[in-house]
2 protein chains.
Amino acid sequence: MTKTIRPSSGRAAPPPDCPLDHCLRLLAGAWTAKILWYLCEEPRRFGDLRRDLGGITSKVLSSRLRELEAKGIVSREVIPVSPPQVSYRLTSLGKELRPVLDAMARLGEKAGQSSC
Amino acid sequence: MTKTIRPSSGRAAPPPDCPLDHCLRLLAGAWTAKILWYLCEEPRRFGDLRRDLGGITSKVLSSRLRELEAKGIVSREVIPVSPPQVSYRLTSLGKELRPVLDAMARLGEKAGQSSC
DNA sequence: CTGTATCCTTTTAGATACTG
DNA sequence: CAGTATCTAAAAGGATACAG
C-alpha cells in the first residue's frame, strides 16, 4: 500500500492538541480512509470491501474494521445465514467524516484521477 | 511503503485507483498534515514549526519538509543572515490541500478540542 | 464467506550526538 | 539556528495457512 497517514511509529508525541489530531487518529492506517470511502456509498460486506480495496489482506481489513468499530465509526451486522454474511456500514458518527473524505476525493479528481 | 500495486491479473475487478489515493500520498506520515496546518496560517521558520508541533524531532521535521518540497507542496526560502534563517511556506499547489485540512479541523473542533 | 494466527519485512519515528 | 548522521524501536502491513 502506498504511504498514508500513520500514527507515530515510535513513541507517542506529547500532544499540543491540534484540531487535526482527532481526525488523524480516526483515519490512522494506510487503508482506513479508503475503507470509509467505500462504506460512504452503501453498506458493504467483508468480501466486497476486500475486492473494492484491491490488495488489502483479510488480516489488515479485519483489523481496521474492528478498530473502526471500537471507535464507533463503523457498525457490524451479522446476518445468520449459511454461509455467514457480515455487513459493515458507517454509523452517524462515521458519516461525520464525509466532508474530509469528500475533500480528499475532490483533490484527487482535480489532479486527474479516474473514479473509484 | 511502496506498495506493490497488484497487477490486476486476470480477475474481474481488481485495483481501483481510488480518488483518495493522491491526497493520501501527499499527507503520508504522522506529522505531515499538522505541518501543513501550521503553514496554512503563515510562512514559518524551522524552529517555529518544531515548537508548534510539540514533540517532533528535527530529524523527522527536516525529512518531512524535504519530502513536501519535493512534491511541490512547500517551498523553502533561505535568508542569508547570521544565524541562518529558513522559512517554509505553502506553494499554490500546497494550498489546494486546505479544504482537506479545514475539514479535518472542523471535525476536531466539533468533537471538542482546544485550538492549536 | 468471514475471519484468526503466525511469522516476517518494511516503514517511520524517537533518542542522541554533532556540524556550519 | 537549521539541520545531518546513526542507531534503535515499534507499529503497520504483507504472505501464508488455517478455522468456524
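Every chain is numbered from 1, with letters handed out A, B, ... down the list of sequences. Only a predicted model underlies this, so the values are computations on that prediction, with no experimental measurement involved.
- Between the CD atom of B/E77 and the C1' atom of D/dC1 there is a distance of 16 Å, rounded to whole Å.
- With salt bridges taken as basic N to acidic carboxylate O contacts below 4.0 Å, one links A/K34 and B/D21.
- Considering B/I35, B/D52, B/V86 as possible partners of B/R44, the one that fulfils the side-chain contact (heavy atoms from CB on, under 4.5 Å) test is B/D52.
- Nearest nucleotide to the side chain of B/P83, out of D/dC1, C/dC1, C/dA13: D/dC1.
- Side-chain N/O atoms of A/S58 and base N/O atoms of C/dT4 include a donor-acceptor pair closer than 3.5 Å.
- Between B/A33 and B/L101, the closest heavy-atom pair is O-CD2, 3.8 Å.
- Rounded to whole Å, atom C1' of D/dA2 lies 12 Å from atom CG of B/D48.
- Salt bridge status for B/R64 with B/E67: present, with a side-chain N to carboxylate O gap under 4.0 Å.
- Atom CH2 of A/W31 is separated from atom C1' of D/dA11 by 17 Å (rounded to the nearest Å).
- Both B/V78 and B/L39 sit in one connected hydrophobic cluster of ILVMFWY residues. Membership requires side-chain heavy atoms under 4.5 Å apart, directly or through other members.
- One atom, CD1 of A/I35, and another, P of C/dT2, lie 14 Å apart when rounded to the nearest Å.
- Straight-line distance from the CZ atom of B/R44 to the C1' atom of D/dA2: 17 Å, rounded to whole Å.
- In this structure, A/R50 does not reach the C/dT2 phosphate: none of its side-chain N or O atoms is under 4.0 Å from OP1 or OP2.
- In this structure, CZ of B/R25 is placed 15 Å from P of C/dT11, rounded to the nearest angstrom.
- Protein atom CZ of B/F46 is 15 Å distant from nucleotide atom C1' of C/dG20, rounded to whole Å.
- Using modelled atom types, no side-chain atom of A/S87 and backbone atom of A/P43 make a donor-acceptor pair closer than 3.5 Å.
- Between A/I56 atom CD1 and D/dG14 atom P there is a gap of 7 Å when expressed in whole angstrom units.
- Between A/L93 and A/K71 the shortest heavy-atom distance is CD2-O, 3.6 Å.
- Applying the 3.5 Å distance criterion, the base of D/dG14 shares a donor-acceptor pair with the side chain of A/K59.
- Interface residues of residues 62-69 of chain A facing DNA chain C, ordered by number: A/S62, A/R66; criterion, heavy-atom separation under 4.0 Å.
- Contact annotation: A/R76 reaches the phosphate of C/dG3 (side-chain N/O to OP1 or OP2, under 4.0 Å).
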